[in-house]
A.B. asks: 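So that we are looking at the same thing, I have put the structure below in structure tokens.
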Amino acid sequence: MSDSVWYQEGLRFQCTQCGNCCTGGPGAVWVTEEEIREIAEHLKKPIGEIRLMHTRPLRGKTSLNEFPNGDCTFFDGHTRTCKIYPARPKQCRTWPFWDSNLADEEAWNSLKQSCPGINQGNLVPLETIQQRAAEVHI
């Protein structure tokens with residue numbers, strides 16, 4: 001049996017800063033207590049305010065809130081940017097290298113419909129992909 005994966009040679013990905021991964025249908029952006037603290041520090045807000053105004057309990061974990069249209073609570077729709085980019089959660093930092101997106105080539109290529117950075121830019125080596133995928137399991 002081979003240990004190789006379909007993306008053994010790496011994948012091309014270049015974030016275009018389009019904001020599409022922060023918007024759309026309902027979902028979950030899982031956050032840890034440490035990430036909530038980092039967000040609070042970045043925004044210079046009390047951690048309790050961040051918990052109360054920007055998170056919600058969901059399936060036994062904590063997720064960032066969403067606006068009614070599905071956009072992340074920290075997504076600025078006018079500028080299409082993230083208000084907490086330097087302190088964004090691990091789930092956001094590891095996009096698109098999630099288990100679900102790496103399941104097979106079809107799953108990866110289907111992301112192109114919503115993410116213009118898929119199959120664009122420099123080649124991301126296997127080691128980097130594996131490191132990012134190991135950080136979250138989505």
Side-chain angles (χ1 to χ4, degrees):
M1 184 177 295
S2 173
D3 287 347
S4 68
V5 291
W6 69 267
Y7 51 90
Q8 189 71 31
E9 301 301 317
L11 292 168
R12 293 195 182 283
F13 174 70
Q14 177 64 51
C15 182
T16 64
Q17 302 279 314
C18 69
N20 290 350
C21 55
C22 308
T23 63
V29 175
W30 306 114
V31 288
T32 65
E33 283 300 310
E34 180 180 337
E35 289 171 328
I36 294 169
R37 180 185 50 75
E38 290 171 1
I39 292 167
E41 287 175 5
H42 175 73
L43 295 175
K44 297 177 177 37
K45 302 275 186 182
I47 195 167
E49 180 180 327
I50 300 303
R51 275 194 201 101
L52 180 66
M53 303 296 292
H54 297 284
T55 69
R56 64 191 169 155
L58 184 65
R59 299 191 300 254
K61 300 179 189 178
T62 303
S63 174
L64 293 181
N65 280 336
E66 299 172 325
F67 293 113
N69 67 357
D71 292 0
C72 176
T73 186
F74 292 113
F75 181 71
D76 183 328
H78 296 296
T79 62
R80 295 202 56 83
T81 59
C82 176
K83 296 176 186 177
I84 60 165
Y85 191 82
R88 68 197 185 282
K90 190 181 301 183
Q91 181 174 335
C92 303
R93 285 184 276 122
T94 58
W95 170 264
F97 302 109
W98 300 345
D99 298 337
S100 57
N101 296 335
L102 297 171
D104 54 42
E105 196 168 356
E106 184 178 340
W108 177 260
N109 287 327
S110 72
L111 294 175
K112 184 72 176 159
Q113 295 173 25
S114 60
C115 179
I118 297 297
N119 298 328
Q120 302 297 315
N122 295 327
L123 188 68
V124 180
L126 175 64
E127 299 77 25
T128 301
I129 295 168
Q130 290 176 324
Q131 287 171 348
R132 291 184 188 166
E135 290 185 52
V136 297
H137 295 287
I138 299 170

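All heavy atoms count here, side chains included; hydrogens, waters and symmetry mates do not.
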A.B. asks: With hydrophobic residues grouped by side-chain heavy-atom distances under 4.5 Å, do Val5 and Ile129 end up in a single group?
C.D. replies: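 Val5 and Ile129: one cluster.
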A.B. asks: Say you draw a straight line from CZ of Phe13 to CG of Asn122; how long is it, rounded to the nearest 0.5 Å?
C.D. replies: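 Rounded to the nearest 0.5 Å, the CZ-CG separation comes out at 12.0 Å.
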A.B. asks: Can you tell me how far the CD1 atom of Ile39 sits from the CD atom of Glu34, to the nearest 0.5 Å?
C.D. replies: 11.0 Å
A.B. asks: Report yes if the side chains of Ile84 and Glu38 come closer than 4.5 Å at any heavy-atom pair, otherwise no.
C.D. replies: no
A.B. asks: For Glu135, which residues count as a salt bridge (charged side-chain N to carboxylate O under 4.0 Å, His left out) partner, sequence neighbours excluded?
C.D. replies: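 Result, salt bridge (charged side-chain N to carboxylate O under 4.0 Å, His left out) vs Glu135: none returned.
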A.B. asks: According to a 4.5 Å side-chain heavy-atom criterion applied to Ile, Leu, Val, Met, Phe, Trp and Tyr, with indirect links allowed, do Leu52 and Ile50 form part of one hydrophobic cluster?
C.D. replies: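 No, Leu52 and Ile50 fall in different hydrophobic clusters.
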A.B. asks: Pick from Asn101, Thr16, Leu111: which one makes a side chain to side chain contact (heavy atoms under 4.5 Å, CB included) with Ile118?
C.D. replies: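 It is Leu111, the one option of Asn101, Thr16, Leu111 that forms the side chain to side chain contact (heavy atoms under 4.5 Å, CB included) with Ile118.
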A.B. asks: Treating Ser100 as the side-chain partner and Ile138 as the backbone partner, does any N or O pair qualify as donor plus acceptor under 3.5 Å?
C.D. replies: yes
A.B. asks: Is any side-chain heavy atom of Trp30 closer than 4.5 Å to a side-chain heavy atom of Val136?
C.D. replies: no
A.B. asks: Looking only at heavy atoms, which two atoms of Tyr85 and Gln17 are closest? And how far apart?
C.D. replies: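 That closest heavy-atom pairing would be OH-NE2, 3.7 Å.
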A.B. asks: State, yes or no, whether a side-chain contact exists between Trp98 and His137 at a heavy-atom distance under 4.5 Å.
C.D. replies: no
A.B. asks: Ring-plane angle category for Phe97 and Trp108, please: parallel below 30°, perpendicular beyond 60°, tilted otherwise.
C.D. replies: parallel
A.B. asks: Any side-chain heavy-atom pair from Glu66 and Arg56 closer than 4.5 angstrom?
C.D. replies: yes
A.B. asks: Please report the shortest heavy-atom distance between Ser63 and Leu58, naming the atom on each side.
C.D. replies: CB-CD2, 4.1 Å
A.B. asks: Under a 4.5 Å cut-off applied to non-hydrogen side-chain atoms, are Thr94 and Gln131 in contact?
C.D. replies: no
A.B. asks: In the structure I gave you, are the side-chain heavy atoms of Trp95 and Cys15 within less than 4.5 Å of one another anywhere?
C.D. replies: no
A.B. asks: Could you pull out the closest heavy-atom pair between Asn20 and Pro116, with the gap in Å?
C.D. replies: ND2-CD, 4.1 Å
A.B. asks: Taking the side chain from Asn65 and the backbone from Met53, do they hold a donor-acceptor pair closer than 3.5 Å?
C.D. replies: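 Side chain of Asn65 to backbone of Met53, a donor-acceptor pair under 3.5 Å: yes, one is there.
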A.B. asks: I need the Cys22 SG to Arg88 CZ distance, nearest 0.5 Å.
C.D. replies: 9.5 Å
A.B. asks: Give me the atom names and distance for the closest heavy-atom approach of Leu64 to Pro89.
C.D. replies: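 Scanning both residues completely, I find the closest heavy atoms to be CD1-CG, 4.1 Å.
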A.B. asks: Looking at every heavy atom in both Asn69 and Asp71, which two are closest together, and how far apart are they?
C.D. replies: OD1-N, 2.9 Å
A.B. asks: Roughly how far, to the nearest 0.5 Å, is OG1 of Thr32 from NZ of Lys90?
C.D. replies: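 OG1 of Thr32 is found 7.0 Å from NZ of Lys90.
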A.B. asks: Looking at every non-hydrogen atom in both residues, tell me the closest pair between Ala28 and Gln91 and how far apart they are.
C.D. replies: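 That closest heavy-atom pairing would be O-NE2, 2.9 Å.
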A.B. asks: Can you confirm whether Gln120 sits close enough to Lys112 that some side-chain heavy atom of one is under 4.5 Å from a side-chain heavy atom of the other?
C.D. replies: yes
A.B. asks: Once you round to the nearest 0.5 Å, how far does CD of Gln130 lie from CG of Leu102?
C.D. replies: 9.5 Å
A.B. asks: Is Ile36 reachable from Phe74 through a run of I, L, V, M, F, W or Y residues, each pair having side-chain heavy atoms under 4.5 Å apart?
C.D. replies: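 As far as the 4.5 Å side-chain criterion goes, Ile36 and Phe74 are connected within one cluster.
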A.B. asks: With salt bridge (charged side-chain N to carboxylate O under 4.0 Å, His left out) as the rule and sequence neighbours excluded, what pairs involving residues 40-53 come up?
C.D. replies: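 Pairs touching residues 40-53 that pass the test: Glu33-Arg51, Arg37-Glu41, Lys45-Glu49.
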A.B. asks: Any chance you could lay out the side-chain contact (heavy atoms from CB on, under 4.5 Å) test for Leu11 and Trp6, step after step, and finish with the verdict?
C.D. replies: CA-CA 10 Å; Leu11 292 168; Trp6 69 267; 3.6 Å; yes
